[in-house]
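These figures come from a predicted structure and were not determined experimentally.
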Amino acid sequence: MYTKLGKTFLAVAISAAVSFPAFAVSEDQLQQLNKAVAKANQTPEEKKKAFHAYVNAYLDEYEAWRDEYTKNLDERRSDLIKVWGEGEVSSQTKDVQYSEDDSVKTAVDYEANEATVSILVDADSSEADVQALVKDMPVEVAGQKVELENLKAEDHAVLYSLEKEQAEKDFVIQQSQRQMKELDVQADRLINSNTGIPDSFIYQRAHNKKLALLAQAQERIAAQTKLYDEMRAKHGIKVERPEKTAVIETAPQAEAKPAIAKAEKPAVEKKQAVAKDVAKAEAKPIKPQVSKPALDAEKPKKVVSYKVKLPENSLKARASKYAPLAEKESKNWEIDAALIMAIMHSESAFRPDAKSHIPAFGLMQVVPTSAGHDVNKIVRKIDAPMKSADLYQPVINVETGTAFLNILTNRYMKGVENKESLKYCVIAAYNTGHGNVYRTFNKDRSMKKSSAIKVINSMTPDEVYNHMLANLPYDETKGYLEKVSGRISLYK
């Protein structure tokens, strides 16, 4: 009765507003009122569909931004390939910068603690020509001026080899894997948020997005093949390409149906195997044979490179800068400071401006829409993703990353009895999501927490660690678990 009276009152109010000039409403206001009435009259089923559509659109907005980011990255890498024969770009542990005309590249590898300065010159340039070129060239590496003329030079021709082509395809495969892994994390977060959306809807959506990523990766790999073939033709370079070209094949649709019906496991479980098939499908590259360039080909180039060793204490100096911040957040969130430091070491090599190609940001490589959103919602009571600009701020980034470790420890992995086993599970979950950790211990590959925790508690810490190394769905996560676990002792 109350609802009926409310609707009647709203209708009268609208009628009165339209009837009397003093209370006239605009067309936009009238449309908004009509929408309010329509929403009030929705059936429960219509309201459910509307909510699903809202969540879908909300996530689509981020994914559209991610796709635009990937498109722009591919365009940049294509431009670099045309000049350098490879499209090397920055990652979370490597900073790659080019001169304005792309003729000089400075790549600082913070994990290897060395930099490489490379210069493009004409292939027939003599050693004296190169020395004259670099004599007064201003070069800065990690904030220090470097005199290239005093360093040993190495050079190689820009040959557009099959090895370089494969490396570019591997980049696409690895990026796609990481983005698919992030869809797993996103699905886990939605399921644990108790939104009322059926698990089947969430898994179906994740499945569709993975298929889209795989199709996109296949197109990107084909574009790499075409680009390298064009550049070889342009520069008169001949190679013997394997008869079969690698493609990324999607998992059969039939594999998705039982997973969605059960709402227990992700629709695509062969995503890692798919990427491995791509690498295996490429025959071992054959060293290209350079023929006489065509008359209309551009003058060939070569790359002259100089290795620059960073100061021995570079990593240690960066680590010491953020150790007090780790100690502070360790106390705030009851997380081992050595674990926080080991994660910063592995994620960014202690670089606050680090950015990976998921993309993730900052010292602890927080993804705005997953870990960032979780911390915002659970801790800060803000139901929205974090902003990338905020995640470049060390204080905010370390607080967010540590808060997420606390959420993993005390919410998602709660129930693991042994502290050592719990630590291993939290490390893996930080990289791949708690759902993938559950699936690792469930025989049916479901993300059922209770059964996974029971299996974990039946194992010793060493057994838990080795089981994850053997069964986690992504090779990257296995390597991550090894790296972070091994580095904790460095910061005790």
Visitor: Would you kindly say whether Ser348 and Gln365 are connected by a side-chain donor-acceptor distance under 3.5 Å?
Guide: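 Distance-only check fails for Ser348 and Gln365.
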Visitor: For Val139 and Val141: C-alpha separation, side-chain torsions, deciding distance, then whether side-chain contact (heavy atoms from CB on, under 4.5 Å) applies.
Guide: CA-CA 7 Å; Val139 175; Val141 175; 4.2 Å; yes
Visitor: What heavy-atom pair brings Thr93 and Ala349 nearest, and what distance separates the two atoms?
Guide: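 Scanning both residues completely, I find the closest heavy atoms to be CG2-N, 4.2 Å.
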Visitor: How long is the gap from NZ on Lys449 to CD1 on Ile456, to the nearest 0.5 Å?
Guide: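 The CD1 atom of Ile456 is 10.0 Å from NZ of Lys449, to the nearest 0.5 Å.
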Visitor: Using 0.5 Å steps for rounding, measure from the OH atom of Tyr465 to the CD1 atom of Ile427.
Guide: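 Those atoms lie 8.5 Å apart.
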Visitor: Report the C-alpha distance between Ser78 and Leu80 in whole Å, list the side-chain angles of each, state the deciding distance to 0.1 Å, and finish with yes or no for side-chain contact (heavy atoms from CB on, under 4.5 Å).
Guide: CA-CA 5 Å; Ser78 292; Leu80 293 171; over 6 Å; no
Visitor: Any side-chain heavy-atom pair from Met180 and Lys210 closer than 4.5 angstrom?
Guide: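 Yes - at least one pair of side-chain heavy atoms lies under 4.5 Å apart.
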Visitor: Between the main-chain N or O of Gln92 and the side-chain N or O of Tyr110, is there a donor-acceptor pair closer than 3.5 Å?
Guide: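 Pair absent, no side-chain N/O of Tyr110 close to backbone of Gln92.
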Visitor: Please report the shortest heavy-atom distance between Asn457 and Glu417, naming the atom on each side.
Guide: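 The answer is OD1-N, 2.9 Å.
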Visitor: Say you draw a straight line from CZ of Arg318 to CG of Asn313; how long is it, rounded to the nearest 0.5 Å?
Guide: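 Rounded to the nearest 0.5 Å, the CZ-CG separation comes to 10.0 Å.
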Visitor: For residues Asp462 and Thr460, is any side-chain donor paired with an opposing acceptor at under 3.5 Å?
Guide: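 Result is no, nothing qualifies.
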Visitor: Honestly, is Arg76 close enough over Tyr98, meaning NZ or CZ under 6.0 Å from the six-membered ring centre and within 45° of the axis?
Guide: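 That pair qualifies as a cation-pi contact.
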Visitor: Taking atom CD as the centre, does Glu420 end up with more than 12 heavy-atom neighbours from other residues, nucleotides or ligands that are less than 6.0 angstrom away?
Guide: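 Yes, enclosed.
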Visitor: Quick one about Asp184 and Tyr474 (side-chain donor to acceptor, distance below 3.5 Å, no hydrogens or angles considered), yes or no?
Guide: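 A donor-acceptor contact under 3.5 Å links the two side chains.
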Visitor: Are Gln393 and Asn397 close enough, and set up right, to give a side chain to side chain donor-acceptor pair (under 3.5 Å), and what steps lead you there?
Guide: CA-CA 6 Å; Gln393 302 298 318; Asn397 188 284; over 6 Å; no
Visitor: Provide the closest heavy-atom pair for Asp353 versus Tyr392 in the form atom of the first, atom of the second, distance.
Guide: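 Smallest interatomic distance, heavy atoms only, reads O-CE2, 3.7 Å.
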Visitor: Tell me, with the steps shown, if Leu315 and Leu310 meet side-chain contact (heavy atoms from CB on, under 4.5 Å).
Guide: CA-CA 9 Å; Leu315 182 67; Leu310 300 182; over 6 Å; no
Visitor: With no hydrogens and no angle check, is any side-chain donor or acceptor of Arg351 less than 3.5 Å from a backbone partner on Leu363?
Guide: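 No, Arg351 side chain to Leu363 backbone: no donor-acceptor pair under 3.5 Å.
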Visitor: For Glu168 and Gly87, indicate whether the former's side chain and the latter's backbone hold a donor-acceptor pair under 3.5 Å.
Guide: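 Answer holds: yes.
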Visitor: Determine yes or no for a side-chain-to-main-chain donor-acceptor pair under 3.5 angstrom, with Asn431 supplying the side chain and Tyr480 the backbone.
Guide: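 Checking the backbone N and O of Tyr480 against the side chain of Asn431, no donor-acceptor pair under 3.5 Å is found.
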Visitor: Treating Ser314 as the side-chain partner and Pro311 as the backbone partner, does any N or O pair qualify as donor plus acceptor under 3.5 Å?
Guide: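 Yes.
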Visitor: Do Met413 and Thr409 have side chains that approach each other closer than 4.5 Å (heavy atoms only, starting at C-beta)?
Guide: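 They are not in contact (no side-chain heavy atoms under 4.5 Å apart), so the answer is no.
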Visitor: Taking side chain as C-beta onward, heavy atoms only, is Glu140 less than 4.5 Å from Val146?
Guide: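 Of all side-chain heavy-atom pairs linking Val146 with Glu140, none is under 4.5 Å.
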Visitor: I'd like to know if the side chain of Thr477 and the backbone of Thr432 have a donor-acceptor N/O pair within less than 3.5 Å.
Guide: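 No; judged by distance alone, with no hydrogens or angles, the pair does not exist.
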Visitor: Output yes when Glu86 and Lys105 qualify as a salt bridge under the 4.0 Å nitrogen-oxygen rule, no when they do not.
Guide: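 Looking at Lys105 together with Glu86, the answer is yes, because their closest N to O distance falls below 4.0 Å.
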Visitor: So do the side chains of Met364 and Thr402 get within less than 4.5 Å of each other, counting heavy atoms only?
Guide: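 Yes, close enough: below the 4.5 Å cut-off.
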Visitor: OG/Ser485 to CE/Met468 distance, rounded to the nearest 0.5 angstrom?
Guide: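 With rounding to 0.5 Å, OG (Ser485) is 7.5 Å from CE (Met468).
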Visitor: Is the number of heavy atoms from other residues, nucleotides or ligands within 6.0 Å of NZ (Lys483) greater than 12?
Guide: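 Yes, the 6.0 Å shell around NZ holds more than 12 heavy atoms from other groups.
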Visitor: Looking at the rings of His434 and Tyr438, which for Trp means the six-membered one, are their centres under 6.0 Å apart?
Guide: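 Under 6.0 Å, so yes.
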Visitor: Taking the inter-plane angle between the rings of Phe350 and Tyr491 on a 0 to 90° scale, is it parallel (under 30°), tilted (30 to 60°) or perpendicular (over 60°)?
Guide: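 Perpendicular: the ring planes of Phe350 and Tyr491 meet at over 60°.
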Visitor: Indicate yes or no: at least one non-hydrogen side-chain atom of Met386 is less than 4.5 angstrom from one of Ile396.
Guide: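 Yes, at least one pair of side-chain atoms sits under 4.5 Å.
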Visitor: Ser118 vs Ser305, test: side chain to side chain donor-acceptor pair (under 3.5 Å). Steps then yes/no.
Guide: CA-CA 4 Å; Ser118 303; Ser305 298; 3.0 Å; yes
Visitor: Tell me, do Arg66 and Leu213 make a side-chain contact under 4.5 Å, heavy atoms counted?
Guide: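 SC-SC contact between Arg66 and Leu213 confirmed.
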Visitor: Ignoring hydrogens and angles, tell me if any N or O in the side chain of Ser90 forms a donor-acceptor pair with the backbone of Asp95 under 3.5 Å.
Guide: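 Side chain of Ser90 to backbone of Asp95, a donor-acceptor pair under 3.5 Å: no, none is there.
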Visitor: Taking the side chain as every heavy atom from C-beta outward, state whether Met459 and Ser421 have any atom pair closer than 4.5 Å.
Guide: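 No - every pair of side-chain heavy atoms lies 4.5 Å or more apart.
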Visitor: Assess whether a salt bridge exists between Glu165 and Lys169, defined as any Lys/Arg side-chain N lying under 4.0 Å from an Asp/Glu carboxylate O.
Guide: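 A salt bridge is present here (some side-chain N lies under 4.0 Å from a carboxylate O).
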Visitor: Can you say whether the rings of Tyr69 and Trp65 are parallel (under 30°), tilted (30 to 60°) or perpendicular (over 60°)?
Guide: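 Answer is parallel, since the angle falls under 30°.
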Visitor: May I ask you to decide whether Glu399 forms a salt bridge with Arg380, counting only side-chain N to carboxylate O separations under 4.0 Å?
Guide: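 Salt bridge present between Glu399 and Arg380.
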Visitor: To check you understand the geometry: which heavy-atom pair defines the closest contact between Asn442 and Ser451, and what is its length?
Guide: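 It is OD1-OG, 2.7 Å.
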Visitor: Assess whether atom NZ of Lys309 is packed by more than 12 heavy atoms of other residues, nucleotides or ligands within 6.0 Å.
Guide: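 Yes, the 6.0 Å shell around NZ holds more than 12 heavy atoms from other groups.
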Visitor: Determine whether a donor-acceptor pair (N or O, by modelled atom type, separation under 3.5 Å) exists between the side chain of His345 and the backbone of Ala319.
Guide: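 Judged by distance alone, no pair lies under 3.5 Å.
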Visitor: May I have the step-by-step check of side-chain contact (heavy atoms from CB on, under 4.5 Å) for Gln177 and Lys181, ending in yes or no?
Guide: CA-CA 6 Å; Gln177 278 188 320; Lys181 181 181 66 178; over 6 Å; no
Visitor: Working to the nearest 0.5 angstrom, can you tell me the gap between Ser346 OG and Arg487 CZ?
Guide: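 If I round to the nearest 0.5 Å, the distance is 4.0 Å.
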Visitor: Find the distance between CD1 (Ile340) and OH (Tyr322) and round it off to the nearest 0.5 Å.
Guide: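 So the gap between those two atoms works out to 15.0 Å.
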Visitor: Is there a donor in the side chain of Asp170 and an acceptor in the side chain of Gln174, or the other way round, less than 3.5 Å apart?
Guide: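 Absent: no donor and acceptor within the cut-off.
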Visitor: Of the non-hydrogen atoms in Val366 and Ala371, which two are nearest, and what is the gap between them?
Guide: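 Scanning both residues completely, I find the closest heavy atoms to be CG1-CB, 4.2 Å.
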Visitor: Is the backbone N or O of Asp383 less than 3.5 Å from a side-chain atom of Asn376, with the two atoms forming a donor-acceptor pair by type?
Guide: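 Looks like no, no N/O pair under 3.5 Å.
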Visitor: For Tyr228 and Gly85, which heavy atoms make the closest approach, and how far apart are they?
Guide: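 Scanning both residues completely, I find the closest heavy atoms to be OH-O, 2.8 Å.
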Visitor: Look at the side chain of Arg439 and the backbone N and O of Met447, then say whether any donor-acceptor pair between them is shorter than 3.5 Å.
Guide: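 Checked: no pair found.
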Visitor: Any heavy-atom pair between the side chains of Lys377 and His373 that's under 4.5 Å?
Guide: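 SC-SC contact between His373 and Lys377 confirmed.
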Visitor: What I want to find out is whether Asp74 reaches Arg77 closely enough, with some N-O distance under 4.0 Å, to be called a salt bridge.
Guide: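 Result for this pair is yes, salt bridge flagged.
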Visitor: So which of Lys419, Lys423, Lys492 actually passes salt bridge (Lys or Arg N to Asp or Glu O under 4.0 Å) with Asp336?
Guide: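 Result for salt bridge (Lys or Arg N to Asp or Glu O under 4.0 Å) with Asp336: Lys492.
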